[in-house]
Structure formats: structure tokens, C-alpha cells
Amino acid sequence: MWASIPLLMLSLTSGADLHACTPTKQSVSPDDERLRYTGRWQRTPAETPRVSWAGASVLLRFRGTDAAVELDPGTRAEQFRVVIDGEPVDDVMLATPGRQRYVLADGLDPDRSHTVQLMKETYYGNQTTLHGFDVEACEVLEAPAASARRIAFFGDSNMDGTSLYDEKDGGDSGAWFAYPATVGRMLDAEIGLQAFGGATLTDNPDNNVLDFITAQRRNRSNDGYRDGFDPQVIVINAGANDIYQVTGPDQKARIKER
């Protein structure tokens, strides 16, 4: 009987803070060590974080009510998925060119800690620049540690979620519900995703799956670049576009060579 009392007390207080929260507005700079970045963000002390590949994300944890982000998607509009406490918001967030502020969450329970994750759903332009967050909070907390499991994905449109939201093979892309991110959630693994529609294995200097290994941006391969991800598993989805694009009597031999 006595052994059950501590367990009962834990169940009543789990997930809730013991003192009331009166939120105040706070800024969180993009180089704040409490943030958790996933994917190939370009981050140096002299630069604001930038990212190109779909599937990259940043996660913020805080105790408060509201959160917003300031970012610039670059040359074209990009879509982002907002995930609050592990649950994706139904509607994607559309970010249009130019530095703007976007509300990610509001009206949250101020007496609990919350996570807000922002995942880049599309890769339509060049680079998205993250200028930071602002929150209505009592405190900004360190983000949960990344999983020790790491899977790297490389591929083409099947991997990046092209036309994922249209059963007629049209419409927008979506990294959050695509195969790599779904596998990551099922296996509690951190993912690295480098994929783009139309990619082939060779003969394509602007969209080559093999070049993705050393590219912070598509068609910006650098043999000296390493992302430091160190995956235990690597998944490659490629070849469909080679079959589609390679023609002529030597088609079979060329595809086998690749």
C-alpha cells in the first residue's frame, strides 16, 4: 500500500509545473543553444541559419502560451508544417518571400511545457533564412534530446513527397507525411533527408542523387562537405527517373552501369 503512494503522486503532477506561470514576451535568437535543429542547416557564428532541403526542422520548447517565428523563404513561397506537442496542425503554413512573422501557436496552457516544431515541407525556391522566435512564456527550456537512432534518406520525388496531397498525382509536396519522416516517427529516429523530384543517378549535373551526399543545397555539391550526421542506416530511392529518361537501344546497359 505504501509503495503505491509515490506512484500516485507522480501521475498527478506529471507534465505540469508546480507553480503558476505569468507569461511575458521573450525573444529566442536562432543561435540559442536550447533550440534543436534537424537537417542540413547552414549555421556558422557569422551567419543567420539557412536551409534548403525539405524535411529539415527546428524545435522550440517553452512554458507559456504563444509562439511565433520570423523567417524569409527566399525566392519562392515555401510550405511548412507546424507540430505542437507532437501533433501536426492540419493546415500547412505558407511563407511568402520577404522577412515576415508567422504565428505558430497561441492560447496554450501556460502551466505546462510545450514543444513547437517547424518542418520545411517543400523545396521550391533557394534557401529559407530563420531570423528567430518570440514567445509569450515564463521560460524557454532546452529542447528534448535528439534520438540516438539516425537514418539518412536520399532520393527523388518518391522520397520528398511530391504530389503527396493529391491522389491524382498533382498539387503540393509534403515532407511531414512522406515516407522518410513517417519512418522516423515510427522508429523514434532522427532523419536526414536529401531528395528532389526528377533526380537521377548520373548524367544530370543539376539534379543528381549521388551529388546530394555532399550538398547543403541541390546543385551545390562540394566534395569537402560533410554534414556530420553519422547515420546508422542509409536509404536510397533512385532509378525510376533513369528508366523514364534514358532511351535508345543501350537503355538497359546504361541503367545497369549507373
Side-chain angles (χ1 to χ4, degrees), residues 28 30 32 34-43 48-62 67-74 76-96 100-105 114-133 135 143-147 149-155 157-165 171-197 212 216-218 227 229 231 235:
V28 183
D32 194 305
R34 293 169 294 185
L35 298 174
R36 192 180 87 205
Y37 288 88
T38 300
R40 289 186 176 177
W41 290 83
Q42 299 177 46
R43 300 171 60 207
T48 305
R50 295 170 294 157
V51 70
S52 297
W53 295 104
S57 71
V58 58
L59 188 144
L60 165 72
R61 181 172 174 244
F62 67 102
V69 68
E70 190 173 348
L71 51 77
D72 183 347
R76 292 183 58 184
E78 298 279 9
Q79 295 186 20
F80 294 82
R81 180 69 59 176
V82 180
V83 184
I84 302 173
D85 296 333
E87 294 295 326
V89 175
D90 289 339
D91 295 329
V92 294
M93 186 189 89
L94 179 67
T96 55
Q100 299 182 59
R101 180 181 183 273
Y102 300 89
V103 174
L104 303 178
H114 302 280
T115 59
V116 176
Q117 181 180 6
L118 184 66
M119 175 177 280
K120 192 169 186 284
E121 284 265 62
T122 58
Y123 189 171
Y124 290 154
N126 56 348
Q127 291 181 305
T128 292
T129 303
L130 176 68
H131 292 283
F133 297 89
V135 295
S147 172
R149 301 186 181 99
R150 297 177 301 278
I151 308 174
F153 296 86
F154 299 91
S157 57
N158 292 319
M159 201 70 95
D160 79 354
T162 295
S163 303
L164 186 66
Y165 299 141
D172 289 316
S173 304
W176 175 263
F177 290 110
Y179 170 73
T182 300
V183 169
R185 292 191 294 275
M186 292 174 68
L187 299 180
D188 185 28
E190 186 175 3
I191 69 162
L193 174 61
Q194 282 70 234
F196 196 85
F212 295 171
Q216 283 189 309
R217 296 169 57 187
R218 186 179 66 87
D227 64 9
F229 186 53
V235 181

- Message: Quick one, Val58 with Phe133, criterion side-chain contact (heavy atoms from CB on, under 4.5 Å). Give me CA distance, side-chain angles, the key distance, then yes/no.
- Response: CA-CA 11 Å; Val58 58; Phe133 297 89; 3.8 Å; yes

- Task: Take Ser57 and Gln117, measure what side-chain hydrogen bond (donor to acceptor under 3.5 Å, both in side chains) needs, and give me the verdict at the end.
- Result: CA-CA 7 Å; Ser57 71; Gln117 181 180 6; 3.1 Å; yes

- Are Met119 and Thr38 close enough, and set up right, to give a side-chain contact (heavy atoms from CB on, under 4.5 Å), and what steps lead you there? CA-CA 9 Å; Met119 175 177 280; Thr38 300; over 6 Å; no

- Task: Before giving the answer on side-chain hydrogen bond (donor to acceptor under 3.5 Å, both in side chains), spell out for Glu78 and Thr122 the whole-Å C-alpha distance, their side-chain angles and the decisive distance to 0.1 Å.
- Result: CA-CA 6 Å; Glu78 298 279 9; Thr122 58; 2.5 Å; yes

- Message: Does Leu118 form a side-chain contact (heavy atoms from CB on, under 4.5 Å) with Tyr102? I'd like the steps, not just the answer.
- Response: CA-CA 11 Å; Leu118 184 66; Tyr102 300 89; over 6 Å; no

- Pair Thr129-Leu71, side-chain contact (heavy atoms from CB on, under 4.5 Å): steps then yes or no: CA-CA 6 Å; Thr129 303; Leu71 51 77; over 6 Å; no

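Gly174 and Tyr165 make their closest contact through CA-OH, 3.5 Å (heavy atoms, listed as atom of the first residue, atom of the second, distance). Among all heavy-atom pairs drawn from Gly55 and Ala175, the shortest one is N-CB, 3.6 Å. Counting all heavy atoms, side chain and backbone alike, Ala77 lies closest to Leu94 at CB-CD1, 3.9 Å. Taking every heavy atom of both residues into account, Thr162 and Gly197 meet most closely at OG1-CA, 4.4 Å. Taking each heavy atom of Leu193 and Met159 in turn, the nearest pair found is CD1-CG, 3.7 Å. Of all heavy-atom pairs spanning Ala152 and Phe229, the tightest one is N-CE2, 4.0 Å.
Between the side chain of Arg81 and the main chain of Val89, a donor-acceptor pair closer than 3.5 Å is present. Within the 3.5 Å criterion, the main-chain N or O of Gln216 finds a donor-acceptor partner in the side chain of Trp53. Remark: side-chain polar atoms of Glu121 are paired, donor with acceptor, to backbone N or O of Trp176 under 3.5 angstrom. Looking at Ser52, its side chain does come within 3.5 Å of a backbone N or O of Asn126 through a donor-acceptor pair. Side-chain N or O atoms of Arg36 include one that pairs as donor or acceptor with a backbone N or O of Pro144 at under 3.5 Å. In terms of modelled atom types and a separation under 3.5 Å, the side chain of Tyr123 and the main chain of Arg218 share a donor-acceptor contact.
The aromatic rings of His114 and Phe62 lie tilted to each other, with the angle between the two planes from 30° to 60°.
Residues Val183 and Phe153 are in side-chain contact: their nearest non-hydrogen atoms beyond the backbone lie under 4.5 Å apart. Side-chain atoms of Thr128 and Phe80, non-hydrogen and from C-beta on, do get closer than 4.5 Å to each other. Side chains of Pro231 and Ile151 form no contact here, defined as non-hydrogen atoms less than 4.5 Å apart.
The CZ atom of Phe196 lies 7.5 Å from the CZ atom of Phe212; values are rounded to the nearest 0.5 Å. To the nearest 0.5 angstrom, Tyr124 atom OH is 4.0 Å from Asp172 atom CG. To the nearest 0.5 Å, atom CG of residue Asn158 and atom OH of residue Tyr179 are 11.5 Å apart. Here the CH2-CG distance, from Trp41 to Leu130, works out to 5.0 Å after rounding to the nearest 0.5 Å. Here Arg40 contributes atom CZ and Arg217 contributes atom CZ; the two are 13.5 Å apart, rounded to the nearest 0.5 Å. Asp72 CG to Arg50 CZ: the interatomic distance, rounded to the nearest 0.5 Å, is 11.5 Å.
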